[in-house]
Amino acid sequence: MQSTNDSIFILVIIAIAGTLLLVVSFILINIRNQNRLLKQRQRLQKAELEHQKELLNAVIESQEIERKRVGRDLHDDVGTALSSLRLIIDMFNPEDTATGHKDFISSTKNIIDKVIKDVRNISHNLSPTTLSYYGLVSAVEEHCNYINQSGKLCVTLVNDAAQLVEQVALPAATALYRVLEELLNNTIKHAGATETSVIFSQENDILLITYKDNGKGIDSSVLTSPGMGLQNIESRLSNIGAVYTIDTAAGKGFAIQIKYTVKA
Amino acid sequence: MVLFYIKYIVPSSVLIPLFIAFVNYKWLSRAYKVILWFVLFSGVVNTIHWVLIGQGFYTTFIFHIYTIFEFFFLSLFYLQVFGKKWEKIIIPLIVVFALLCIGNFLFVQNKIEFNTYTRPIEVIITMVYGTYFINRQNIVDENISWSSNGLNWINTGILVYYASNLFMFIFFNYLVTGKRHLFDIVLVVHDTLLITEYVLFAIGFSKCKTILTDKLGHLMHA
């Protein structure tokens with residue numbers, strides 16, 4: 001074998017430098033690829049979220065349209081038919097004046113009045129016309145009055161953001177109305193509360209809705225796996241881009257603050 | 001100057017990852033703890049090595065013993081990362097490699113020679129571990145960037161140090177017999193790579209709090 005004057009030191013240093021360069025390049029290329037993959041994945045997740053939001057929006061919109069249609073049909077068709085029936089019974093005047101007959105007419109009229117009232121309430125709940133004609137606060141006020149009259153709960157409504165509330169678009173107003181309706185229903189059904197307050201206030205262009213009751217509250221463990229009601233609230237609010245914070249504990253009442261940025 | 005760098009600065013640089021690791025100790029998962037004990041072990045062995053040199057002893061036997069433990073710690077680290085199904089491969093590998101090192105020390109390179117047969121084998125296996133780790137990180141769906149995962153920094157430290165020094169480990173017995181000032185240059189290069197490894201370990205330890213999740217949002221054990 002031919003001898004060589006190569007220095008082993010120089011060869012080793014060159015080998016070290018070459019390997020280091022290879023390793024560093026390999027790692028840098030890998031970092032670049034991994035970060036590119038991460039960005040791609042994040043873009044996909046964002047697109048998926050957007051798609052889900054759009055789907056949810058479509059579901060809520062079609063639900064509202066269907067509710068409006070059923071409500072209008074109930075009001076226009078069933079309500080009118082019942083009023084006509086009541087009129088016919090009113091006009092029915094038999095010669096036989098037996099008390100049995102009179103009692104029958106009176107009780108039939110009472111039942112029809114009750115059904116007319118129920119149909120009106122159902123129709124109103126399905127599609128609150130006040131909301132589209134007079135706005136969010138009037139619709140909530142009407143609902144609160146109805147609850148106050150029923151004697152199930154004492155609801156106090158305060159509006160310190162009159163101008164800003166008027167600027168809320170109808171889809172967002174409908175969502176906020178449904179959320180408040182759900183909250184009031186929850187309070188009546190589950191909280192065992194005697195008093196509730198709904199306060200509309202504002203911070204620049206942010207509408208703040210503070211809802212509080214003096215009921216038995218919710219344990220934090222229940223909040224981590226919410227039921228249908230809370231899920232509905234969450235999806236409706238996220239759909240309009242509103243955020244919320246819940247403050248509750250067992251035995252300490254329930255409070256929620258909703259923040260919605262009103263688009264000019 | 002060179003001696004001061006090799007004898008004092010480099011051995012004391014082990015304190016950088018140790019300090020960061022102990023500050024974050026409660027957050028360290030088992031994989032990080034293996035590296036912490038490895039760094040601590042290396043620091044202690046290095047100190048013993050310099051003390052023995054100061055006393056005029058031959059220290060080559062330390063390298064033979066150290067290599068067994070070094071491979072044990074590195075394998076254990078990758079075993080923690082890869083998961084239990086790798087036990088069947090890595091544990092026999094540790095045992096076989098330890099026997100190989102003992103055999104080499106007793107019958108082959110048994111005088112004042114460095115273990116230039118076993119150490120390169122250790123480095124090559126470690127490079128395979130490190131490369132598989134990188135490949136695995138590409139497959140495992142993580143929702144964090146490369147730099148947020150402390151284990152990536154530690155793996156980079158291991159790869160940079162061991163892969164770069166492969167040729168030095170192979171030719172070590174030739175280098176020792178060469179000119180002193182040239183050998184010192186090689187040692188300076190080696191020690192600078194060692195400091196780089198420790199700094200990368202320290203960065204890894206500082207990132208140990210990052211929670212890893214897979215695409216379903218499940219927590220992953222590191």
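Naming: A, B, ... by sequence-line order, numbering from 1 per chain.
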What part of A/Ile16 gets within 4.5 angstrom of chain B, counting heavy atoms only: side chain, backbone, both, or neither? both
Could you check whether A/Glu195 pairs with A/Lys212 (Lys NZ or Arg NE/NH1/NH2 to Asp/Glu carboxylate O, under 4.0 Å)? no
Heavy-atom pair count under 4.5 Å with chain B, highest-scoring of A/Val23, A/Asn30, A/Val24: A/Asn30
Parallel under 30°, tilted from 30 to 60°, perpendicular over 60°: which one fits the rings of A/Tyr211 and A/Phe254? perpendicular
Could you label the plane-to-plane angle of the B/Phe73 and B/Phe41 rings as parallel, tilted or perpendicular, counting under 30° as parallel and over 60° as perpendicular? tilted
Among B/Val186, B/Thr131, B/Ile134, B/Val160, which residue forms the greatest number of heavy-atom pairs with chain A at distances under 4.5 Å? B/Ile134
Look at the aromatic rings of B/Phe114 and B/Phe63 and report parallel, tilted or perpendicular, splitting at 30° and 60°. perpendicular
Give me the ring orientation class for B/Tyr162 and B/Phe169: parallel if the planes are under 30° apart, tilted from 30 to 60°, perpendicular past 60°. tilted
Is it the backbone or the side chain of B/Tyr161 that comes under 4.5 Å from a heavy atom of chain A, or both, or neither? neither
Could you check whether the rings of B/Phe205 and B/Tyr32 sit parallel, tilted or perpendicular, using 30° and 60° as the cut-offs? tilted
For A/Leu20, which atoms come within 4.5 Å of any heavy atom of chain B: side chain, backbone, both, or neither? both
Between B/Ile170 and chain A, which part of the residue has a heavy atom less than 4.5 Å away: side chain, backbone, both or neither? neither
Chain A interface, residue from B/Thr156, B/Val189, B/Asn165 that has the most non-hydrogen pairs under 4.5 Å: B/Thr156
